[in-house]
Structure formats: C-alpha cells, structure tokens
Amino acid sequence: MSNPAVCEELTAKSYEELTANFDWSIAERQLGYQPGEAINIGWMCSDRICHLGMADKVALYWEDFQGNHQQFRFDDLRVLSNTVAQFVCDLGIQPGERVCLFMDRVPELYLGFLGILKTGAVAQPLFSAFGDESLLVRLQNANTSAIVTQKKHLHKVRKIREQLPNLRHIIVVDAGDSALQAREVSFDMKRTPRVEDFAVYPTMAESASVLHYTSGTTGQPKGAQHVHYSIISQYLTAKWVLDLQPDDIYWCNADPGWVTGTSYGIIGPWSNGTTQVVLDSGFNAERWYEFMERHRVTVWYSAPTAIRLLMKEGTEVVRRHDLSNLRYLASVGEPLNAEAVIWSQEAFGKMFHDTFWQTETGCIVITNFPGMPIKPGSMGRPFPGITAAVLNTKTYEPITEPGIAGLIALRPGWPSQVRGYWDNEAGFKAKFKNGWYLCGDRASIDGDGYYWFMGRDDDVINTGGHLVGPFEIESALLEHPAVYESAAVAKPDPVNMEVVKAFVTLKRGYEPSDDLELEIMNHIRKRLSPLAMPQAIEFVDSLPKTRSGKIVRRVLRCKEFNEPVGDLSTIMDD
Ligand code: WT7
C-alpha cells in the first residue's frame with residue numbers, strides 16, 4: 001500500500017521540525033504525480049486507488065433517512081464515474097464548461113462529481129435547498145452549460161431556465177417515466193450501460209476543477225475557482241489532520257454543496273483510499289448515533305452547530321449506543337466553543353479537534369493535529385506548508401506580540417488556494433494586502449503559537465457554519481412589494497451561533513403585522529434558502545445611514561450583540 005501508516009510523518013517528528021522541512025512535494029510523491037504531467041481529481045480518487053490494489057475495497061456506504069442503502073467499491077466509483085463522464089461527453093460538453101450538481105446527497109452526486117471532473121469540465125456543486133433566485137444568480141454568473149438534478153428540484157430549474165439561454169442540458173437522475181420538457185434529458189445510473197474504459201481528459205495542475213460559491217459582504221456570491229492541483233493539499237491534510245488510516249470508516253457530515261463536502265467529503269478521503277459513509281438526512285441525534293454505531297465509524301468530521309445540537313440531547317442517548325470504534329473527532333465551519341470540546345470529552349471520551357479554513361483556502365489551514373495538546377476554544381496552529389499570521393488592521397504587518405487581535409492572513413501559494421473569483425477580478429484582488437491573502441476573519445495568537453478566533457471582519461453572517469451574504473438577502477427583500485429598504489445582520493443564537501435578522505422599512509400603505517412578517521420570511525426561504533431566511537424581522541421607521549446614504553449594518557449588529565458601536569465618525573462620512 002502506498003499510504004504508509006498515517007501520521008507516521010506527523011508524530012515521528014515534532015511540529016517545528018515538520019514545519020521547517022515541509023514541502024508539498026511529499027504529497028506529490030505519495031500521489032505518484034510528477035510536475036508537468038496531467039493530473040485529474042476524478043481519476044486520482046477512483047482509477048488510481050484501484051491500481052493500488054483496492055478495487056474491491058468499499059469506497060462508500062450510502063444510506064438515507066428512510067433506510068434505503070447502497071454500497072460502492074472503488075471499482076464501482078471508477079466505472080460509474082466513467083459512465084457519467086461518457087454521458088456528459090456524449091451531450092457535447094467540452095472541457096472547461098461548467099456543469100452544476102444540484103442534488104441531495106444521493107450517490108449520483110458523488111459519482112457525478114468525479115465523472116464531470118474526468119471529462120475536464122468544471123464541477124459546480126450547489127446546495128439543493130437553494131431556492132430559484134439563489135440558483136439563478138450562481139448559474140448566470142458561471143454561464144453554466146448543464147445541470148444535474150433530481151425530479152424533486154426540477155421545478156426550481158424550470159422556473160428560471162428561460163433566463164438561462166446557455167443552459168443547454170438539464171440532466172435528471174431519477175426521471176423514471178415522468179414527462180420531460182425541452183432541454184431535459186434522463187440519466188438513470190442503474191440502467192445506463194456501465195462504461196469500463198473512459199479516456200480521462202488530461203487536465204493539468206492549473207486546469208479548473210471545482211467552482212464553489214461563497215458569500216461576501218457586498219455584491220452577489222463569488223465563485224471560488226479551484227484547480228486539479230488542489231488535490232495535493234486536500235489529500236495530505238485529510239491524511240495528517242483527519243488522521244485517516246487504511247482501516248478507517250470515515251464520516252463527514254457536510255453536504256457537497258459546500259466546500260467541506262467536496263474537499264473532505266469526496267477528494268480528501270477517496271484520494272487516500274478511505275472508506276466513507278454518507279447519511280442523506282438532516283439532523284437527528286438518535287439516528288446519527290445509531291448510524292455511527294452500525295457502521296463502526298472511526299473518524300468523524302462534524303461542525304459546531306451539530307455538536308451543540310447533540311449537547312442539547314445530553315449524554316444519556318450517547319450511552320445507549322456503542323461508539324467504542326470512534327477514534328478521532330474533528331470540527332469545522334464556525335467557532336468551536338470550549339464547552340463543546342469539554343462536552344465531547346465527557347460524551348465520547350475524546351475531544352473534537354477544531355480546524356479552520358474557507359472555501360477559498362480549499363483545505364484546512366489552521367488546526368489541531370492528532371497528538372497535539374488541545375487548548376479548548378483555540379483553533380490550533382498552521383498546517384505545515386501554510387504561512388499564517390495575524391496582521392495589524394492599518395499597516396497589514398504581522399503582529400508579533402501574543403494576545404493582540406488582528407486579521408487572519410495567509411501567504412499565497414499553497415496548492416488548493418483559490419485561483420480567482422469567476423468573472424470578478426476586482427473582488428479577488430481586494431482579498432490581498434501587502435503580499436498576504438486576507439481571510440476576512442480576526443484572531444489573536446498566544447505565546448505557544450495557537451490561534452484564537454475572534455470573529456469575522458465583515459458583515460457576512462455565519463449561521464450554523466454556512467455563510468450568507470447580507471446583500472443577497474437585502475436584494476431578495478426588496479423584491480417583496482411591501483419592503484422599501486432593508487438591512488440584514490447577524491443575531492446571536494445559542495445553537496446556530498448566528499441567525500439572520502432583517503430590519504425593514506415599509507412602503508407607504510403597508511402596516512407592520514405578524515402576517516406580513518411571516519410572509520416576508522417565507523418569501524426569502526423560497527427564493528434563497530431556509531438558511532438565509534430571517535428568524536426575526538423588525539419593522540422600523542428608518543435605518544442608520546452614512547451621510548452619503550449607505551446603510552450602516554454595524555450599528556444594528558452591535559445592538560443585537562449588545563456590543564458598543566464604537567467610533568462611527570469616519571463611517572458616517574463615507
Ligand atoms: C468561514 C469560511 C471551510 C469550511 C466551511 C466553511 C468561518 C470556518 C472556523 C473555525 C471559527 C470558522 C470563518 C471562515 N470558520 N472554520 N474553526 N472557527 N470560524 O467555509 O463557507 O467559506 O466559511 O467560516 O469565518 O472565514 P466557508
């Protein structure tokens with residue numbers, strides 16, 4: 001086996017030594033990649049694992065809430081992703097074109113992802129709970145050529161397709177006998193003849209691979225463009241940080257509509273030849289524990305909101321299950337509070353390892369490693385090969401004294417770093433200052449080099465580990481006939497950390513009422529997504545504004561968090 005007992009590399013050497021001598025070529029060698037050769041994520045995660053003698057090893061145990069289940073070996077991944085790839089090619093999709101995956105966590109999503117990459121096309125995963133407006137802006141921006149979806153989501157695509165003249169194909173994976181309309185085509189993975197051999201497109205290191213949309217403060221969401229070389233970072237961080245070993249059964253809760261679900265729900269584990277389990281269902285403590293017990297899950301990558309929800313259910317339900325196989329726990333997406341880490345020690349006999357990263361970083365960049373002492377509440381230290389710092393907010397120079405807050409920044413150049421925002425060069429350029437990439441977050445570093453997260457440095461709302469942009473919500477609010485002006489801000493929440501709150505002024509002739517509040521909430525839920533739906537709407541007479549008329553969300557946010565607003569004089573002059 002080409003994967004030496006995992007983390008041998010990490011535990012054999014001290015963190016300092018490893019960091020000092022680190023070179024990403026470690027991962028290149030382990031993946032059998034030579035610079036200048038073709039590299040394709042779809043092939044690396046399936047064909048290559050089969051060549052290593054693991055063709056019959058289980059790659060995926062899949063299950064949904066009703067208990068339907070399917071199992072796929074690495075050879076099935078290889079052949080079925082070939083089958084998808086051939087289908088996509090036969091439709092005339094060319095390398096570099098964007099193909100959107102808009103599905104629940106069904107097997108076709110995972111196999112479709114690998115298959116699209118094998119053709120050289122760009123995979124554009126979008127969260128299946130998105131409403132038609134969220135879908136439209138992302139498909140328009142990417143000028144997407146095809147979308148793969150399920151019958152249950154087809155109505156959203158049908159609603160917007162007239163506005164998407166370049167969307168040539170709508171591929172339905174479970175059409176059955178239903179009548180399809182123009183541009184729609186059925187792809188039934190079980191009935192399509194299996195394609196043993198497919199000539200994988202020879203993508204190069206810098207060829208576009210995955211396009212993930214993420215929200216910023218201003219403007220519509222940005223398409224973070226990744227390349228095939230990103231697998232170098234995703235493979236090694238999955239191995240070292242998530243401690244993946246040959247016999248592991250790995251569970252990542254994340255949906256591939258978001259970056260965690262692709263970097264560590266597809267590419268990281270499968271490039272390591274790791275068996276993973278997927279549960280296509282929402283949160284349910286009893287069901288989750290039962291699922292982990294039955295599949296003997298050993299490594300679990302989860303998120304603070306899920307952990308807080310489990311905490312609410314208590315340890316009694318944990319005790320009813322045999323979770324003795326659980327060996328390693330990690331978390332991502334939002335601040336992992338110290339209480340949650342301490343609770344996990346009590347509930348599972350192990351602490352969650354916090355990991356920090358973003359859509360743009362493509363891989364874990366600051367983290368607690370296996371074997372490293374955990375300081376509950378801290379995100380840990382930079383991954384070897386990542387140069388991180390916190391910068392002074394005015395000079396953009398690294399802060400050297402411990403305990404002083406600054407902007408989390410990374411030196412550009414690691415393999416899975418975002419290569420650009422699709423059709424938004426200015427937005428991408430704005431992320432760099434003084435030779436550093438700015439994450440948009442604030443933190444401090446203690447005397448031992450551990451990072452302590454403090455908060456976002458912008459107006460983006462992080463609800464349950466999902467970023468939502470205030471601009472998107474405000475634009476959708478303005479579509480409602482009663483809304484004159486609006487501001488969307490974060491409001492603290494004990495489980496989701498933050499939820500959306502909207503402040504709204506009404507047009508003449510409309511009066512605030514509970515019915516109107518509900519109607520507006522529903523409008524956002526349907527147009528955008530349940531995540532973006534305001535949990536509260538406050539009708540106000542006016543909104544705080546700068547002298548030039550720009551709405552100042554910060555004033556509203558500070559009130560919600562009971563924080564001092566601070567000096568607004570410069571902002572108000574904007
Ligand atoms: C933002 C990135 C990459 C995983 C999924 C989210 C916040 C992420 C942590 C953490 C505190 C965190 C940051 C970051 N975040 N991990 N361990 N502690 N905050 O990807 O949607 O691009 O969001 O999530 O604010 O910038 P994303």
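Here the structure is a predicted model, which means the values were calculated and not measured. Atoms considered below: every heavy atom in the structure, side chains included; atoms not considered: hydrogens, waters and symmetry mates. Ligands are counted one by one from 1 in listed order, and the atoms in each one are counted from 1 as well. Along the sequence shown, residues carry numbers from 1.
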- Heavy-atom nearest neighbour of atom 23 (O) of ligand 1 within options V468, I364, L467, V418: L467
- Among T305, N462, T463, which residue meets the side-chain hydrogen bond (donor to acceptor under 3.5 Å, both in side chains) test with E334? T305
- Query: For L336, is the nearest heavy atom under 4.0 Å from an atom of ligand 1?
  - Reply: no
- Task: Using the six-membered ring wherever Trp is involved, compare the ring planes of F453 and F356 and label them parallel, tilted or perpendicular (cut-offs 30° and 60°).
- Result: tilted
- Query: Under 4.0 Å from any heavy atom of T355, which atoms of ligand 1 are there?
  - Reply: 10 (C), 16 (N), 17 (N)
- Message: Using a 4.0 Å heavy-atom cut-off, which part of D354 comes near ligand 1: side chain, backbone, both, or neither?
- Response: side chain
- Message: Tell me whether R456 is salt-bridged to E498, with the criterion being a basic N under 4.0 Å from an acidic carboxylate O.
- Response: no
- Task: Please work out whether any backbone atom (N, CA, C, O) or any side-chain heavy atom from C-beta onward of H466 is under 4.0 Å from ligand 1, and answer side chain, backbone, both or neither.
- Result: neither
- Tell me, which protein residue and heavy-atom name are nearest atom 10 (C) of ligand 1, and how many Å apart are they? E334 O, 3.4 Å
- Message: Could you check whether N496 and H466, counting side-chain N and O atoms only, form a donor-acceptor pair closer than 3.5 Å?
- Response: no
- When only distance counts, is G333 in polar contact with ligand 1, meaning an N/O pair under 3.5 Å? yes
- Return a yes/no value for D441: is any of its N or O atoms, backbone included, closer than 3.5 angstrom to an N or O of ligand 1? yes
- Query: Out of Y264, W357, W258, who gets a non-hydrogen atom closest to atom 3 (C) of ligand 1?
  - Reply: W357
- Centroid separation F383 to W357 less than 6.0 Å: no
- Between F352 and W300, is the gap from one ring center to the other below 6.0 Å? yes
- re atom 1 (C) of ligand 1, the protein heavy-atom contact at minimum distance is R456 NH1, 3.8 Å
- Task: Pick whichever of C439, S263, A224, P335 has a heavy atom sitting closest to atom 11 (C) of ligand 1.
- Result: P335
- Message: Can you tell me how far apart CH2 (W24) and OH (Y229) are? Round to the nearest 0.5 Å.
- Response: 9.0 Å
- Item | N462 neighbourhood, listing ligand 1 atoms whose heavy-atom distance to it stays under 4.0 Å | 7 (C), 24 (O)
- Between atom CD1 of I445 and atom CZ of R381, what is the distance when rounded to the nearest 0.5 Å? 10.0 Å
- Message: For atom 6 (C) of ligand 1, what is the closest protein heavy atom, and at what distance to 0.1 Å?
- Response: G465 O, 4.3 Å
- Item | Interatomic spacing from CD1 in I249 to CG in L326 - rounded to 0.5 Å | 11.5 Å
- Query: At under 4.0 Å between heavy atoms, which part of F356 makes contact with ligand 1: side chain, backbone, both or neither?
  - Reply: both
- Do I267 and C45 have side-chain heavy atoms sitting under 4.5 Å apart? yes
- Without hydrogens or angle criteria, can the side chains of N141 and W422 be said to hold a donor-acceptor pair below 3.5 Å? no
- Message: Under a 4.0 angstrom heavy-atom cut-off, which atoms of ligand 1 come close to T359?
- Response: 20 (O), 21 (O), 22 (O), 27 (P)
- Task: Mind checking whether Q358 contacts ligand 1 via backbone (N, CA, C, O), side chain (CB onward), both or neither, at a 4.0 Å heavy-atom cut-off?
- Result: both
- Atoms in ligand 1 flagged as close to V332, the criterion being non-hydrogen separation under 4.0 Å: 4 (C), 16 (N)
- Item | Residue and atom name of the nearest protein heavy atom (relative to atom 4 (C) of ligand 1), distance in Å to one decimal | T260 OG1, 3.2 Å
